[in-house]
There are 2 protein chains.
Amino acid sequence: MGLRERKKLKTRVALIDAALDLFLEQGYESTTIDQIAAAVDVSPRTFFRYFGSKEEVALAPATDAQDVFLSELHDRPGTESPFTALAQAMRGAVAVLRDGEPEDKRRFLKARQVVEATPTIFAGQMRLMLANEQRILEEVARRRGADDLRSQFVTATFTSTIRVGLENCTLEELSDIDGLTRRLEDTFALVDELMVAGWDR
Amino acid sequence: MGLRERKKLKTRVALIDAALDLFLEQGYESTTIDQIAAAVDVSPRTFFRYFGSKEEVALAPATDAQDVFLSELHDRPGTESPFTALAQAMRGAVAVLRDGEPEDKRRFLKARQVVEATPTIFAGQMRLMLANEQRILEEVARRRGADDLRSQFVTATFTSTIRVGLENCTLEELSDIDGLTRRLEDTFALVDELMVAGWDR
DNA sequence: TTGTCATCTGTCATGGACTGACATAATCTA
DNA sequence: TAGATTATGTCAGTCCATGACAGATGACAA
């Protein structure tokens, strides 16, 4: 990796960190692009060469996490039922975060706090999840061998499950991967309890 | 109702209609507030006295529909199980639209086309649904006698069901209330099939 | 009818998000 | 080191959104 590429990556991370800190400190709405750019000693115009919008920088960690999830999903064995594969991929993604750089972990949890505290960003996260849902649907349809209403329902149920699991996190749990894991497991268990056997086949 | 109030209502509807027509004609992004205001012969500043944002005018019909739904939900007998009450309220809301002014129907379907065609607005609709979900959750918790994870799951499942039902609509079905109804019933039937008996109790 | 009050509206000025165009500066490559 | 690529800064401009103020309009009582 050349110097140019390394520098770009460094600037990108610096922008994310500066933005998240400012968002947490003085709120998302009252933080300007100029402030973020100034904190990294970069022109405001350059900010927009790294991120398409103010929202995008706040959601960057969430976007990265989704990529990890999709990669985990891709690695699941084809024998697993659709929902099992999705749940396992989610566990895998959480594990990647747990065993990764502490720096990345802190950044992710900071981003989650910003998301929780800012309705606009929260809606943006929904948009992200919906975009992701299209790709998840493909995987579900592949495993079920049918791209029908039922595949859509399985996919939507997974999205809901994750959402309920995450929303349920209190502030303390939000700053702790293990708390997040527990919430997630509780919700998966509930799905198991309320669905008829083989519902996702 | 006085003249002043009637005038305000008329301006509001005119703004919505002008906005929807422009959005459909030339796209949401490339339509400016100035254009909408000019079409109704009103100053741009006045637009923002009726709607808090450009997005809000596009979602006005959806917001009104949600209010109808909540009102229907409020009228459901307390003996119904949570999900049954929600499904019946949805049927009621669709019926209100079907039996209402043709003008209102056309506006609603136009708005739905705009929502489908515009990612930003689509995300906004999600935000609306989530805000609504809080009130739906209260009703579910009341009927189940418990504000717990399971109530949240029932609520989220309902939201997913509606979402899947609506997303599944093709363009022809989108311009037809009956097609919309059929999709919805198919999805409700699927929930009935995949959930264990009494899952929402 | 008229005068007063509340409310609605237009105008103006401003700030902040975002974009295109162009010149400069930094890296890369031969 | 020269020349090609790519990143960055500067500048100008559009659009969304909001506050402040003044003028217009409907509401209402005497």
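Computed from a predicted model, the values in this text were never measured in an experiment. The chains referred to below are lettered A, B, ... by the order of the sequence lines, with proteins before strands, and numbering in each begins at 1.
- With sequence neighbours excluded, the residues forming a ring pair (Phe, Tyr, Trp, His ring centres under 6.0 Å) with F69(B) are F158(B), listed by chain and number.
- Residues G27(A) and T31(A) approach most closely at O-OG1, 2.7 Å, considering heavy atoms.
- Pairs passing the salt bridge (Lys or Arg N to Asp or Glu O under 4.0 Å) check and including a residue from residues 130-145 of chain B, sequence neighbours excluded, read R163(A)-E133(B), E139(B)-R142(B), E139(B)-R143(B), R144(B)-D148(B).
- In this structure F153(A) satisfies the ring pair (Phe, Tyr, Trp, His ring centres under 6.0 Å) test with no other residue, sequence neighbours excluded.
- Put simply, the side chain of T118(A) never gets that close to the backbone of Y28(A): no donor and acceptor are under 3.5 Å apart.
- Pairs of residues two or more places apart, or lying in two chains, that qualify as salt bridge (Lys or Arg N to Asp or Glu O under 4.0 Å) and include a residue from residues 52-61 of chain B are E55(B)-R127(B).
- Near DNA chain C, meaning a heavy atom under 4.0 Å away, the residues from residues 2-14 of chain A are G2(A), L3(A), R4(A), K7(A).
- Proximity of residues 19-27 of chain B to DNA chain C (heavy atom under 4.0 angstrom from any strand atom) is not detected for any residue.
- Using a distance-only test at 3.5 Å, with no hydrogens or angles considered, a donor-acceptor pair links the side chain of T161(B) to the main chain of T157(B).
- A salt bridge does not link R106(B) with E101(B): none of the charged nitrogens is closer than 4.0 Å to a carboxylate oxygen.
- Residues from residues 44-52 of chain A that place a heavy atom under 4.0 Å from any atom of DNA chain D, listed by number: R45(A), T46(A), R49(A), Y50(A).
- Taking 4.0 Å as the cutoff to heavy atoms of chain A, we find the contact window on DNA chain C bounded by dG16(C) to dC28(C).
- Residues from residues 28-38 of chain B that place a heavy atom under 4.0 Å from any atom of DNA chain D, listed by number: T31(B), T32(B), I33(B).
- The list of side chain to side chain donor-acceptor pair (under 3.5 Å) pairs with a residue in residues 64-75 of chain A, not counting sequence neighbours, reads Q66(A)-N132(A).
- Of all the heavy atoms in G124(B) and L59(B), the pair that sits closest is C-CD1, 3.6 Å.
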(message) M90(B) vs F188(B), test: side-chain contact (heavy atoms from CB on, under 4.5 Å). Steps then yes/no.
(response) CA-CA 11 Å; M90(B) 191 65 199; F188(B) 283 142; 4.3 Å; yes
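- For R107(A), the salt bridge (Lys or Arg N to Asp or Glu O under 4.0 Å) partners two or more places apart in sequence, or in a different chain, are D17(A), D104(A).
- Sorted by first and then second residue, the pairs that involve residues 19-43 of chain A and meet salt bridge (Lys or Arg N to Asp or Glu O under 4.0 Å), not counting sequence neighbours, are D21(A)-K110(A).
- A salt bridge links R91(A) to E185(A): at least one charged side-chain nitrogen sits closer than 4.0 Å to a carboxylate oxygen.
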(request) For side-chain contact (heavy atoms from CB on, under 4.5 Å), just list the numbers for W199(B) and V191(B), CA-CA rounded to whole Å, side-chain angles, deciding distance to a tenth of an Å, and then say yes or no. (result) CA-CA 10 Å; W199(B) 71 280; V191(B) 172; 3.9 Å; yes
